[in-house]
Amino acid sequence: MKTSYDLIYDVVMRIPRGKVATYGLVANLAGNRRWARVVGYALHVNPKPGVIPCHRVVNRFGGLARAFAFGGVNMQRTLLEEEGVAFRPDGTVDLEKHLWTGD
DNA sequence: TTAATGACCTATC
DNA sequence: CGATAGGCCATTA
C-alpha cells in the first residue's frame with residue numbers, strides 16, 4: 001500500500017552517508033514542512049528497517065528523538081560516528097556541518 | 001465517519 | 001531568556 005510515508009521514506013533514504021537531516025527539513029523536502037509530525041510517525045512505524053536510515057534523522061536541535069527505540073540512542077550515535085558525523089559534547093549532531101539541506 | 005494519537009515546529013506569554 | 005500553548009498533517013482504532 002502506498003501512502004504519504006513513501007514520500008518521507010524517499011527523502012530520508014536520499015540522505016547521503018555522513019550527513020543528517022531534521023524532521024522539519026525532511027518534511028519540507030517531502031512537500032510540506034507541516035509533515036514534521038508525520039515524518040516522526042512514519043519513522044516510528046518504520047515498516048522497512050535496514051532500508052530507512054532513521055538514525056540520520058534528528059530533531060531541529062540535532063538531538064535524537066525521545067522515543068528512539070530501533071536499537072537505542074547509544075546505537076544511533078555509534079552509527080553516525082561510523083559514517084563520519086561529528087557529535088557535540090552535549091551529545092547532539094553538528095547540524096552546521098552535517099545538516100543535509102537536500103543537496 | 002468521528003475521535004484520538006504522534007520520533008515535530010513555531011509563536012507567544 | 002525560559003516555559004507554555006497551539007497548529008498543522010496523516011495514520012490508526
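Scope of the values below: all heavy atoms of this structure, side chains included, with no hydrogens, waters or symmetry mates. Lettering of chains follows the sequences in order, A, B, ..., and the numbering in each one begins at 1. These figures come from a predicted structure and were not determined experimentally.
Across the protein-nucleic acid pair, A:Leu95 atom CG and B:dC8 atom C1' stand 14 Å apart, rounded to whole Å. The distance from atom CG of A:Leu25 to atom C1' of B:dC8 is 13 Å, rounded to the nearest whole Å. To the nearest angstrom, P of C:dT12 lies 14 Å from CG of A:Asn46. Rounded to whole Å, atom C1' of C:dA10 lies 13 Å from atom CG of A:Asp6. Rounded to whole angstrom, the span from the CG atom of A:Asn59 across to the C1' atom of B:dC8 amounts to 8 Å. A:Leu7 places its CG atom 13 Å from the C1' atom of C:dC9, with the value rounded to the nearest Å.
For residues 27-41 of chain A, proximity to DNA chain C is found at A:Arg34, A:Trp35, A:Arg37, A:Val38, defined as any non-hydrogen atom under 4.0 angstrom from a strand atom.
For the pair A:Leu43 and A:Tyr9, the tightest heavy-atom approach, listed with the atom from each and the gap, is N-CE2, 4.5 Å. A:Leu95 and A:Phe61 get closest at one heavy-atom pair: CD1-C, 3.9 Å.
Ion pairing of A:Glu83 with A:Lys19 is absent here, as no side-chain N (NZ or NE/NH1/NH2) approaches a carboxylate O to less than 4.0 Å.
Taken from OG1 in A:Thr22 to CG in A:Asn59, the straight-line distance is 8.5 Å, to the nearest 0.5 Å. Atom OG1 of A:Thr101 sits about 11.0 Å away from atom CG of A:Asn28, to the nearest 0.5 Å.
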Which donor-acceptor pairs under 3.5 Å do the side chains of residues 30-41 of chain A make with protein atoms, sequence neighbours left out?
none

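Relative to the side chain of A:Tyr5, the nucleotides B:dC9, C:dT11, B:dA7 differ in distance, and C:dT11 lies closest.
Here A:Ser4 does not reach the OP1 or OP2 of C:dC9: none of its side-chain N or O atoms lies under 4.0 Å away.
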